[in-house]
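To keep things clear, I will list the structure first and then write my remarks on it.
Heads up: numbering here begins at 1 and tracks the sequence. Just so we're clear, the structure is a prediction, and the values are computed from it rather than from any experiment.
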Amino acid sequence: MEGTETGRRYKKKELLETVSMLEKANDAVVKSVKGNPDSVSDALAACQESAILLGTHIESMGEKYGNLVKLLEDYCENIFVMSEAVPDETQCRKIAKRIQKQLSRLRHGIIYDLPDDKKEIVFLPYKASMWDSLESVWKAAEAAHDCDACVIPIPYFDKNPDGSFKEEHYEGNLYPKDVPVTRYDEYDLETRHPDVIYIHNPYDECNHVTSVHPYFYSKNLRNFTEKLVYIPYFILGEVNPEDQAAIDGMKHFCFLPGTIYADQVIVQSENMRQIYINEYIKAAKEMGLGGEHIDRRFLEKKFLGTGSPKLDKVLSTKKEDLEIPKEWLRVISKPDGSRKKIVFYNTSVSALLRYNEKMIRKMESVFAVFWENRDEAALLWRPHPLIQATIESMRPQLWEAYREIRDRYIEEGWGIYDDSADLDRAVVLSDAYYGDPSSVVELCRKKGMPVMLQNAAVLW
């Protein structure tokens with residue numbers, strides 16, 4: 001996959017290195033004019049090409065740097081004159097002195113006239129509903145005067161049961177209005193080489209249900225940046241680092257392509273950081289890896305437990321700021337204008353894979369109870385966004401039954417069906433949580449919401 005934007009982004013250091021190269025070439029040309037005039041022509045051509053690239057870059061920065069562009073134009077003119085003077089050593093030395101003065105002025109202008117470098121930071125979310133795992137970091141970068149932040153939603157695919165790719169999805173039009181989005185095919189990562197890239201998808205080819213485009217696998221992205229940072233799109237229930245039984249239920253998150261290839265991994269807490277480090281080392285040793293993969297001091301710097309942006313987002317969102325759809329208000333409102341209690345009903349991928357038909361029956365019983373009590377409580381059902389892709393890929397025999405339940409619930413209209421990209425709206429709007437264990441549970445608890453977990457084996 002190639003981007004259509006090919007403009008190379010140079011830093012001051014690189015510009016000055018180019019000037020140093022031209023200065024050295026100027027000295028070398030003078031020494032070679034008499035003894036090896038053929039090599040001089042090639043050297044001068046290379047210098048002119050470098051100067052043209054340098055001038056094109058500075059010109060793209062704005063008209064106020066036209067004096068530096070003019071210096072480079074004059075430099076190129078002198079290079080041409082020198083090429084015509086070869087092999088006249090005396091004449092070439094005179095021209096070389098003029099060139100040296102031009103290069104000295106150019107160096108001064110780059111140092112004192114050009115603006116200081118800004119960090120270029122790129123965010124590569126794939127599902128819009130997971131954007132909250134990066135949003136607060138993006139907002140900080142966007143507000144910093146020394147950063148240029150760019151949000152580039154990337155395409156992803158559902159998978160067939162055999163692992164091959166099905167439909168391609170792109171959700172660039174689903175992001176909040178205040179987030180400027182750049183299309184992935186309009187930004188050339190390899191050429192631009194941003195200082196930092198943030199990702200929230202750790203799986204590369206290891207997910208059985210979906211895959212981001214292989215170009216955006218972490219093992220590829222690490223080649224296009226100085227620093228690849230992975231932040232999980234989920235929040236886990238907090239686990240004691242001494243509770244190995246609980247750790248065994250989540251340790252698979254600790255050693256994935258995203259944690260392996262990223263230069264930095266940011267997790268939700270200090271306890272979780274220690275778990276990630278411990279389990280990463282264990283997994284690396286089992287695979288026979290050495291070096292930095294089992295170096296605890298190295299991993300202590302790689303893994304940070306500074307918190308999850310998902311929590312930042314939900315805690316900063318207020319009910320009065322929410323935009324609530326009219327069809328939701330119809331479900332929520334009582335005849336007297338007051339509001340019903342809203343129960344966030346969350347159904348997860350893992351529960352469906354574990355309980356199969358039992359989970360279908362459980363959902364039916366939950367809907368029946370809330371339908372009977374619809375005058376007092378409003379059900380807000382938000383299934384995991386990957387449920388359909390998961391069923392079709394891993395449990396195709398369940399799809400018809402699940403689809404029938406979903407479609408009937410939507411058609412009857414007595415409850416809210418939320419398949420939007422805005423998870424935080426559902427959390428902030430709701431009064432209580434009921435459903436499967438998931439990262440949403442931790443968000444609801446942090447918000448101070450009562451939480452009750454469902455048991456698929458118990459029908460109401």
Can you check whether L68 reaches L71 side chain to side chain, under 4.5 Å on heavy atoms?
-> yes
If you draw a 6.0 Å radius around CZ in F80, do more than 12 non-hydrogen atoms from other residues or ligands fall strictly inside?
-> no
Residues R406, W381; criterion side-chain contact (heavy atoms from CB on, under 4.5 Å); working and verdict = CA-CA 10 Å; R406 181 199 64 186; W381 178 28; 4.0 Å; yes
Please answer whether the main-chain N or O of A128 pairs with a side-chain N or O of E171 as donor and acceptor at a distance below 3.5 Å.
-> yes
In this structure, are over 12 heavy atoms from other groups packed under 6.0 Å from H252 atom NE2?
-> yes
Nearest heavy-atom neighbours spanning I121 and C147 | CD1-SG, 3.8 Å
Is any NZ, NE, NH1 or NH2 atom of the basic residue among K70 and E73 found under 4.0 Å from an Asp or Glu carboxylate oxygen of the other?
-> no
Do the side-chain N and O atoms of Q102 and N78 include a donor-acceptor pair separated by under 3.5 angstrom?
-> yes
Output every pair passing side-chain hydrogen bond (donor to acceptor under 3.5 Å, both in side chains) with a member in residues 43-55, not counting sequence neighbours, ordered by first then second residue.
-> none
More than 12 heavy atoms of other groups within 6.0 Å of E320 CD = yes
Is the number of heavy atoms from other residues, nucleotides or ligands within 6.0 Å of NZ (K447) greater than 12?
-> yes
With distance as the sole criterion, is a donor-acceptor pair present between the side chains of S211 and Y217 under 3.5 Å?
-> yes
Rounded to the nearest 0.5 angstrom, the CD1-CD distance for I231 and Q264 is 9.0 Å
State whether Y170 and R183 meet the cation-pi test: NZ (Lys) or CZ (Arg) under 6.0 Å from the six-membered ring centroid, and within 45° of the perpendicular axis.
-> yes
Any Lys/Arg nitrogen of K219 or E205 sitting under 4.0 Å from an Asp/Glu carboxylate oxygen of the other?
-> yes
Lys/Arg N to Asp/Glu carboxylate O, R93 vs E89, below 4.0 Å = yes
Is the shortest side-chain N to carboxylate O distance from E135 to K310 below 4.0 Å?
-> no
Do NZ/NE/NH1/NH2 and the carboxylate oxygens of D295 and K302 come within less than 4.0 Å?
-> no
Decide if atom CZ of R105 counts as having more than 12 heavy atoms of other residues, nucleotides or ligands within a radius under 6.0 Å.
-> no
Centres of the Y215 and Y184 rings: under 6.0 Å?
-> no
Basic-acidic side-chain contact under 4.0 Å: D116, K12 = yes
With distance as the sole test, does S393 use its side chain to make a donor-acceptor pair with the main-chain N or O of V209 at under 3.5 Å?
-> no
Salt bridge between R445 and E442, side-chain N to carboxylate O under 4.0 Å?
-> yes
Determine, for K24 against D27, whether the closest basic-nitrogen to carboxylate-oxygen distance falls under 4.0 angstrom.
-> no
Quick one: list whatever passes side chain to side chain donor-acceptor pair (under 3.5 Å) with D88, sequence neighbours left out.
-> none
Can you measure from CD1 (I294) to CG (L289) and round to the nearest 0.5 angstrom?
-> 8.5 Å
Rounded distance [0.5 Å steps], CD in E120 versus CG in D195 | 7.0 Å
Side chains of E226 and H193: do they bring a donor and an acceptor to under 3.5 Å?
-> yes
Exercise: do S164 and D162 side chains pair donor with acceptor under 3.5 Å | yes
How many angstroms lie between CG in L429 and CD1 in I332, if you round to the nearest 0.5 Å?
-> 4.5 Å
Can a donor-acceptor pair be found between the side chains of Y433 and N346 at a distance below 3.5 Å?
-> yes
Could you verify whether a donor N or O on one side chain and an acceptor N or O on the other, from R273 and T306, lie under 3.5 Å apart?
-> no
Pairwise distance CZ(R330) to OG(S333) - rounded to 0.5 angstrom = 10.0 Å
